2 protein chains.
Amino acid sequence: MKALEQAVEAPDDAQQSPCTSVGRLLASLGRVSMRRFSAALEPAGLKPRHLDALLALRAGPITQQGLAEAIRVDSVQLVGLLNDLETEALIERRRDQTDRRRHIVGIAPKGAARLAALDAAVAEIDAGLLAGLEASERILLRGLLLRVSQNADDEPAGEACPTA
Amino acid sequence: MKALEQAVEAPDDAQQSPCTSVGRLLASLGRVSMRRFSAALEPAGLKPRHLDALLALRAGPITQQGLAEAIRVDSVQLVGLLNDLETEALIERRRDQTDRRRHIVGIAPKGAARLAALDAAVAEIDAGLLAGLEASERILLRGLLLRVSQNADDEPAGEACPTA
DNA sequence: TATTGTTATACTCTATAACTATA
DNA sequence: TATAGTTATAGAGTATAACAATA
């Protein structure tokens, strides 16, 4: 596994690197990724958030609130995103008969098709971002990021405000 | 190296994950990181971008344009950030005598002190973000992200507009 | 009363164009 | 003419509060 040693090499001579913090590094790369997706999705008339929603919905129908948490978008601003997608018949909203306050959101056939057509573009952007890594390293990075992501859901960053 | 297998495990059962794209995952985590830093820096009267600038300047003086590229901020909006920092005497701007169009930006003693006082908070946020990873995995992730970051500088994402 | 979704509002961040001064 | 920095402006993204419907 030469991928391992190669990666472990970096942090020592990384003192001079502009980004001493992994968190800041994530924020910076996140912005880069955002911009690239934004540009790539423009011809499709979608924004990165629309893609996030569709990708999440591919796993199956879900509550609006659940979707909001899944893609880390405030449920307030998710309303507008879903309105856009519903207007284009890419998703469907229906009342939950168990609890009529809830909306169950599902991906529509047209949405699945649109998503399938976008898969290549998405893969291309990912490939561009990870161009400097070998195949094994990309898998490794993906796994690590997924775990960081799962952990980030639980912990709201040490802010325990019991009463206030 | 059990860290390796543990990480490699994920991608296979990650099909159901909301984020199929590593790029989207980066964007999502980047936003999480951004929010946490934003909240943590608020009492210090700084924004994440200010921290990025100070962190980058710790490596030594640099041109404004160079700094903009280093922290991936448009040179246009960097002006305001540096104005804020200069007002608080955290950084210094001086003309480059070689080319009087350039401004050389350096961190001021007060800025270095402020940064030192912030180091613990920064480390705490990083630790929170990477709480789900073991020490060896954190180093691994950091190395991979640094390489991705370096690669992202070169390639503007396949947009070759020679004449336009 | 609490929760889900919605709307309205204001605030921050970001992108674009135009201007000044130096080269 | 081209470059470094600045300014001004509009656009997109984000956060907050208040509301209606349902539990």
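Throughout, protein chains are lettered first and strands after them, A, B, ... in sequence-line order, and every chain is numbered starting at 1. Bear in mind that the values here come from a model prediction, so they are computed numbers and not experimental data. Any value given below was found using the heavy atoms of this structure, including those in side chains, with hydrogens, waters and symmetry copies removed.
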Any sub-3.5 Å donor-acceptor pair from [X]'s side-chain atoms to [Y]'s backbone N or O?
X	Y	answer
B:Arg24	A:Asp52	no
B:Arg102	B:Arg95	no
A:Arg138	A:Leu130	yes

Pairwise N/O distances under 3.5 Å, protein to nucleotides 8-16 of chain D:
from	atom 1	to	atom 2	distance (Å)
D:dG13	OP2	A:Lys47	NZ	2.9
D:dT14	OP1	A:Arg49	NH2	2.5
D:dT14	OP2	A:Arg49	NH1	2.7
D:dT14	OP2	A:Arg49	NH2	3.0
D:dT14	OP2	A:Gln77	NE2	3.2

Checklist entry - Listed in order of residue number, which residues of residues 97-107 of chain B have a non-hydrogen atom at under 4.0 Å from DNA chain C? => result B:Asp99, B:Arg100, B:Arg101
Next on the checklist: Measuring from atom CG of A:Leu46 to atom CG of A:Leu90, what distance do you get when rounded to the nearest 0.5 angstrom?
Outcome noted: 6.5 Å
Checklist outcome for this item: Quick note, side chain to side chain donor-acceptor pair (under 3.5 Å) partners involving residues 106-123 of chain B, not counting sequence neighbours, are B:Arg58-B:Asp119, B:Glu88-B:Arg114
Checklist outcome for this item: Here the side chain to side chain donor-acceptor pair (under 3.5 Å) pairs for residues 37-51 of chain B, sequence neighbours left out, are B:His50-B:Asp84
Item to check | Any pair counted as salt bridge (Lys or Arg N to Asp or Glu O under 4.0 Å), so long as it reaches residues 63-76 of chain A, sequence neighbours left out | outcome: A:Arg72-A:Asp153
Item to check | Listed partners of A:Ala68 passing side-chain contact (heavy atoms from CB on, under 4.5 Å), at least two apart | outcome: A:Ser75, A:Leu78
Next on the checklist: If the condition is side-chain contact (heavy atoms from CB on, under 4.5 Å), which residues does B:Arg93 pass it with, not counting sequence neighbours?
Outcome noted: B:Gln64, B:Leu82, B:Asn83, B:Glu86, B:Ile91, B:His103, B:Val105
Expressed as a whole number of angstroms, how long is the span from [X]:[atom1] to [N]:[atom2]?
X	N	atom1	atom2	result
B:Arg94	D:dG5	CZ	C1'	16 Å
B:Gln64	D:dT7	CD	P	10 Å
B:Asn83	D:dT6	CG	P	6 Å
B:Leu78	D:dA4	CG	P	13 Å

Item to check | A:Arg101: partners by salt bridge (Lys or Arg N to Asp or Glu O under 4.0 Å), with sequence neighbours left out | outcome: A:Asp99
Donor-acceptor pairs under 3.5 Å, side chain of residues 120-128 of chain A to any protein atom, not counting sequence neighbours: which ones?
from	atom 1	to	atom 2	distance (Å)
A:Asp126	OD1	B:Ser21	OG	2.9
A:Asp126	OD1	B:Gly23	N	3.0
A:Asp126	OD2	B:Ser21	OG	3.1
A:Asp126	OD2	B:Val22	N	2.9

Next on the checklist: At a heavy-atom distance below 4.0 Å, which nucleotide of DNA chain C is the first touched by chain A, and which is the last?
Outcome noted: C:dA2 to C:dA15
Next on the checklist: Students often get this wrong, so: under 4.0 angstrom with heavy atoms, is B:Arg95 touching a base, only sugar-phosphate, or nothing?
Outcome noted: nothing
